[in-house]
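Chain letters run A, B, ... following the sequence lines, proteins first and then strands; every chain starts at 1. All values below come from the heavy atoms of this structure, side chains included, with hydrogens, waters and symmetry mates left out.
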Number of protein chains: 2
Amino acid sequence: MDQTERIIQALDSAGYQATANRRLVAGMVATSGGHFTAADLLERGRRERVNIGRATVFRALELLAELHVIERLDLPSGSHAYVLCDPAEHHHHLVCSGCGRSEDVADGELARLVDEIGQRNGYRIETHRLELFGKCPDCAAGTPPNGAASKASSSAGQRPGGH
Amino acid sequence: MDQTERIIQALDSAGYQATANRRLVAGMVATSGGHFTAADLLERGRRERVNIGRATVFRALELLAELHVIERLDLPSGSHAYVLCDPAEHHHHLVCSGCGRSEDVADGELARLVDEIGQRNGYRIETHRLELFGKCPDCAAGTPPNGAASKASSSAGQRPGGH
DNA sequence: CACGAAGTGAGACTGAGTATCAAATGGATC
DNA sequence: GATCCATTTGATACTCAGTCTCACTTCGTG
């Protein structure tokens, strides 16, 4: 779990206390293996008989998002999820609609494309967001259950089609 | 209001009745001039002393979204909005964080880029979504109030910064 | 007009997220 | 270890978006 350590590090170096609750959330985030919602963590906490308040979980997630340790995602279903990610560079997310697993995708060429669109329309672009949904190699091959599947299932994979 | 007509047409040719309520919603959507939330329409209805139920507005929006006459948008603030758009071709939205106005942006090169990303990661991509937020020419020039501004203000332009 | 289907409004309900506030805890200092 | 203050926490109330239900109304058709 050196991912957990990294999160705690981030908290600490930003001047926040690494309390037991925050460590707990960090641990759950680090081992999520994909995207997760606040409700997922709450549920998991309850299942594991951990005493952590609702508000505390929301606060911890807000904090981690602020530190860019996790990032908020809008699932095609319309609900909000988070993914663990690398705070260093601007990137996007590729999310498996089968098992919920997610990959970071470098911005790469997109930045240029976005600039171009902005220029063509006369807009001064401030933020852009690209979200990709599909099936990961395992799910595409029909072998979804991979550990990740079990706990991500609650929030993954509704409304795969669309537009 | 030939935009309104177009929407009614779409309802009609999909086999739905173009009732008074739906015409009303169509009219509000057509004259929105930017993105709007369900709450915006409800509020506008109340202000204009129109008697239309909460559920009816949600149902109408759902219906229009299904016909691809409007499309759902996730604002950077995390709330859900809709924009009127061309049902014909796959495209994305460029939204002004100042006045709420929005432009359709053709998918263009993005499709290729998305394919490439999918291939590189071994994912079978099902959906992608690009959302661009920034300042339109008017807002960038410091002349925001343009008619559109007044009614879009309730839902536009929070949290302009970010990653 | 009569009928069944489609549409509607009121209001109950649900679930996510926020706000409040008193109590607990952390960590620095003596 | 006792004291102090800032930070964190949990319980709970609250707000708000969106859904569901159900009785009632309206629509189109024969």
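Residues Asn51(B) and Glu62(A) both approach DNA chain C. Their nearest nucleotides, taken by heavy-atom distance, put Asn51(B) toward the 5′ side. Mapping Gln17(A) and Ala38(A) onto DNA chain C by nearest heavy atom places Ala38(A) closer to the 5' end of the strand.
The side chain of Thr19(A) contributes an N or O atom lying less than 4.0 Å from OP1 or OP2 of dT9(D). The phosphate of dG18(D) has OP1 or OP2 within less than 4.0 Å of a side-chain N or O from His80(B). Of the side-chain N and O atoms in Arg59(A), none sit less than 4.0 angstrom from OP1 or OP2 of dG10(D). Within the 4.0 Å cut-off from OP1 or OP2 of dG10(D), at least one side-chain nitrogen or oxygen of Asn21(A) is found.
Atom CD of Glu131(B) sits about 4.5 Å away from atom CG of Leu73(B), to the nearest 0.5 Å.
Going from atom CG of Leu24(A) over to atom C1' of dT9(D) covers 13 Å, rounded to whole Å. Between the CG atom of Asp40(B) and the P atom of dG18(D) there is a distance of 11 Å, given to the nearest Å. Between the CZ atom of Arg46(A) and the C1' atom of dG10(D) there is a distance of 15 Å, rounded to whole Å. Following rounding to the nearest Å, Phe58(A) (CZ) and dC14(D) (P) show an atom-to-atom distance of 18 Å.
Protein chain B contacts DNA chain C from dA6(C) to dA10(C), reading 5' to 3' and using non-hydrogen atoms of the protein with a distance under 4.0 Å.
Salt-bridge formation is detected for the pair Arg112(B)/Glu109(A): a Lys NZ or Arg NE/NH1/NH2 atom is positioned less than 4.0 Å from an Asp or Glu carboxylate oxygen.
Here the side chains of Leu64(B) and Leu11(B) are in contact, with some heavy-atom distance below 4.5 Å.
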